[in-house]
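Here is the structure we will look at.
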Amino acid sequence: MKSILNYVDGEFVRGRRDFAAVNPADGSTIAEVSEANEDIVDRAVCAARKALRGDWGQFTVRERSSRLHKVADAIEARFDSFVAAEVADTGKPIALASKLDVPRAAANFRTFADLIKTAGVESFQTETPDGKSALNYAVRKPLGVVGIITPWNLPLLLLTWKVAPALACGNTVVVKPSEETPATATLLAEAMKDAGIPDGVYNVVHGFGPNSAGEFLTRHPDVNAVTLTGESQTGAAIMKSVAATLKPVSFELGGKNAAIVFADCDLDEAASGIAEAVFLNTGQVCLCTERVYVERPIFEGFVHKLKKKAESLVIGSPMDKTTDLGPLISAQHREKVLSYYQLALEEGAQLVTGGGVPQVSAALERGFYVQPTIYTGLPESARCVKEEIFGPVCHVAPFDTEEEAISLANDTKYGLAASIWTTNLKRGHRVAQQMIVGITWVNCWFLRDLRTPFGGVGLSGIGREGGMHSLNFYSELNNVCIRL
Ligand code: NAD
Ligand code: 6OD
């Protein structure tokens, strides 16, 4: 059986006990993962602290940038291994991992490698009371040791989305990948070695959240900042854990994202776009749409088209290049999603399609598959309309006016993403600007430019990452004021 070990100070390290990594497509155990106890987490943080004082701390920005490009090269050189590891851990289709997850990991390193070389800082010439002046300018410095905690849905993409800017700013990191998907963070350690990243700069500790590696890391007094992508309640738990040491946090959390479809949209484009937004990665993307509001005159036609899209998705083995929909991440998550499928009916929903477990081949019978599912007819107060389900499911409801659509879309404690579907450009701008979210797409979804602000409002997060926003989170600015 393959072992997945912790990575501390350039060495692979075994913990005191193991837990199983399971392939969601067939329920088989693919590896034994070595859980980091508190001592290993402490060693990782100490190694990261020591590395700040070593070569890494002396590197020029140009040198750091060049090493980060080499990390991207090393990921590309191991492309097939990263894809295979990500597919086995998550059950996502190989086509998706090859098109999205692994290329984005390399792009994350290249983007921040380039950005750090050109990033400016503020400067002001200041008039002083005596009629003379002073010069103020800010100096960018690393925060120190950054604790990075990531989820299972896009494991490598989301890990590198934080590791790349943290390293670009000169920090060292200890990462705690999700217990469900430990493989690619560990493989990244090999890419770091190939790229000449000094030992101790990138460390990996495996384990769970509470009373395990996640909590040991976030409460460690020598960690300078914590960044999390995960559930909103995990953000709340980590906030408590960092409170005693006042660590800065950046949280990218859950969502209950809405799409608004106006009668003047391109109906085929909207149906395709929303099908992707609901079902990509089996609905396990924080940005996925779970609430669709459709202007009444096109409601029936839109539901019909979305149903056809859902029913045409190929459910199957993640290793098959034609598969659109893989399994959910775990048996436990499938129970959760199926319980919402049941709850929707109890809350009065009409089932348009799906609602259960699909027929799959004998080899996949122990996998965690569910059907892509569409409901209509729920009241807005229903739990299925309010709570994040994180599966391939949406509720579609009609609306009559633009104001009503805006109010329905914004009636949530979350605020991550929204999409607007209209051919009226003025309306697109007007409605988009009223969405209470971190990102609004018009006639598209999950179209990313890594320089733009990314984050959420309310239960969807604290802070923004992306481009300069990431550089600002992962650095301390020291303002220097010189009397001239
Ligand atoms: P999760 O919150 O259960 O776990 C995320 C990570 O936090 C894991 O590594 C876990 O071990 C760790 N963790 C859990 N409790 C902890 C604690 N008390 N202390 C320290 N670490 C702890 O999330 P998940 O189930 O892995 O991922 C799905 C969730 O993530 C969904 O809610 C989804 O919307 C959200 N998400 C958000 C974004 C975003 O960018 N906003 C992106 C991806 C996923
Ligand atoms: O594209 C990104 O940078 C990003 N953070 C995506 C998050 C997806 C959530 O599952």
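Everything quoted here is computed from the prediction, not taken from an experiment. In listed order, ligands and their atoms are each counted from 1.
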Students often mix this up, so state it plainly: with edges at 30° and 60°, are the rings of Trp161 and Phe454 parallel, tilted or perpendicular? perpendicular

Please state whether the rings of Phe19 and Phe208 are parallel, tilted or perpendicular, taking 30° and 60° as the class boundaries. tilted

For ligand 1, note which part of [X] has a heavy atom under 4.0 Å away: side chain, backbone, both or neither.
{"X": "Ser212", "answer": "neither"}
{"X": "Phe454", "answer": "side chain"}
{"X": "Glu179", "answer": "side chain"}
{"X": "Ile238", "answer": "side chain"}
{"X": "Glu388", "answer": "side chain"}
{"X": "Leu217", "answer": "neither"}
{"X": "Leu287", "answer": "neither"}

Which of the numbered atoms in ligand 1 are below 4.0 angstrom from a heavy atom of [X]?
{"X": "Leu158", "answer": "42 (C), 43 (C)"}
{"X": "Ala237", "answer": "18 (N)"}
{"X": "Glu215", "answer": "19 (N), 20 (C)"}
{"X": "Phe208", "answer": "11 (O)"}

Note to self: With the threshold set at under 4.0 angstrom, would you say Gly456 reaches ligand 1 through any of its heavy atoms?
What the structure shows: no

Checklist entry - Looking only at heavy atoms of Gly461, does any of them come nearer than 4.0 Å to an atom of ligand 1? => result no

Note to self: Below 4.0 Å from ligand 2: does a non-hydrogen atom of Gln284 turn up there or not?
What the structure shows: no

Please indicate whether any nitrogen or oxygen in [X] is less than 3.5 Å from any nitrogen or oxygen in ligand 1.
{"X": "Ser460", "result": "no"}
{"X": "Thr150", "result": "yes"}
{"X": "Trp152", "result": "yes"}
{"X": "Thr234", "result": "yes"}
{"X": "Cys286", "result": "no"}

The option among Gly455, Cys286, Ser470 carrying the non-hydrogen atom nearest to atom 8 (C) of ligand 2 is Cys286

Between Leu217 and Val45 the two heavy atoms that sit nearest each other are CD1-CG2, 4.0 Å

for atom 35 (C) of ligand 1, nearest protein heavy atom and its distance come out as Gly230 O, 3.2 Å

(message) Is any side-chain heavy atom of Val175 closer than 4.5 Å to one of Val163?
(response) yes

| request: Decide yes or no for Ile406 and Met435: does some side-chain heavy atom of the first lie under 4.5 Å from some side-chain heavy atom of the second? | output: yes

Would you say Asn23's side chain and Ile30's backbone share a donor-acceptor pair under 3.5 angstrom?
-> no

